[in-house]
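Below: one structure, written as structure tokens.
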Amino acid sequence: MHKLTSAELPAALAQVPHWRYQDERGGLIARQFVFHDFVQAMGFMTQVALVAERSNHHPEWFNVYNRVEVVLTTHDVQGLSQRDIDLAQAMERIAAAWPPQEPA
Ligand SMILES: C[C@H](O)[C@H](O)[C@H]1CNC2=NC(N)=NC(=O)C2=N1
């Protein structure tokens, strides 16, 4: 795992179009998710927590009611790494499929 170089950044950020890059702390990406209510937000966070633990890469996040604000950066390299991009993509997949639609 290495800190993404400025040459690698554009292609990496193109993989996570909903996320905004910030130059702080050596580089991070941030995103806000909004859900129907608190329970849906917590369900999202619980699913992400399992993925984060499995991949040993953890988000910095803040939840109030139905909103989840997320910052991803890699502490071990003091900047952005591919692990942040991968976790962001996993979060997009989980958010897109959450909540499961009640069977019609
Ligand atoms: C010891 C453990 O492997 C490290 O602390 C892992 C855990 N989760 C992590 N999460 C994030 N976001 N960055 C890291 O550098 C990191 N390192």
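This is a predicted model, so every value here is computed, not measured. Note that ligands are numbered from 1 as they come in the structure, with each ligand's atoms numbered from 1 the same way. Positions are given from 1, in the same order as the sequence printed here.
Shortest contact from atom 14 (C) of ligand 1 to any protein heavy atom: H75 N, 3.5 Å. When only non-hydrogen protein atoms are considered, atom 2 (C) of ligand 1 lies nearest to N56 ND2, 3.6 Å. Nearest protein neighbour of atom 10 (N) of ligand 1, counting heavy atoms only, is H58 N, 3.0 Å.
In the hydrophobic clustering of ILVMFWY residues, with side-chain heavy atoms under 4.5 Å counting as a link, I85 and L72 come out together.
By the neighbour-count criterion of 12 heavy atoms within 6.0 Å, atom CD of E24 is densely surrounded, having more than that number from other residues, nucleotides or ligands.
Of the polar atoms of D76, at least one N or O is found under 3.5 Å from an N or O of ligand 1, judged by distance alone.
In this structure, the side chain of N63 does not engage the main chain of V68 through any donor-acceptor pair within 3.5 Å.
One option in T74, V71, T73 has a heavy atom closer to atom 12 (N) of ligand 1 than any other, and that option is T73.
Ring geometry, F33 versus W19: the interplanar angle exceeds 60°, so the pair is classed perpendicular (tilted spans 30 to 60°).
Note: S81 OG to H2 NE2 = 8.5 Å, rounded to the nearest 0.5 Å.
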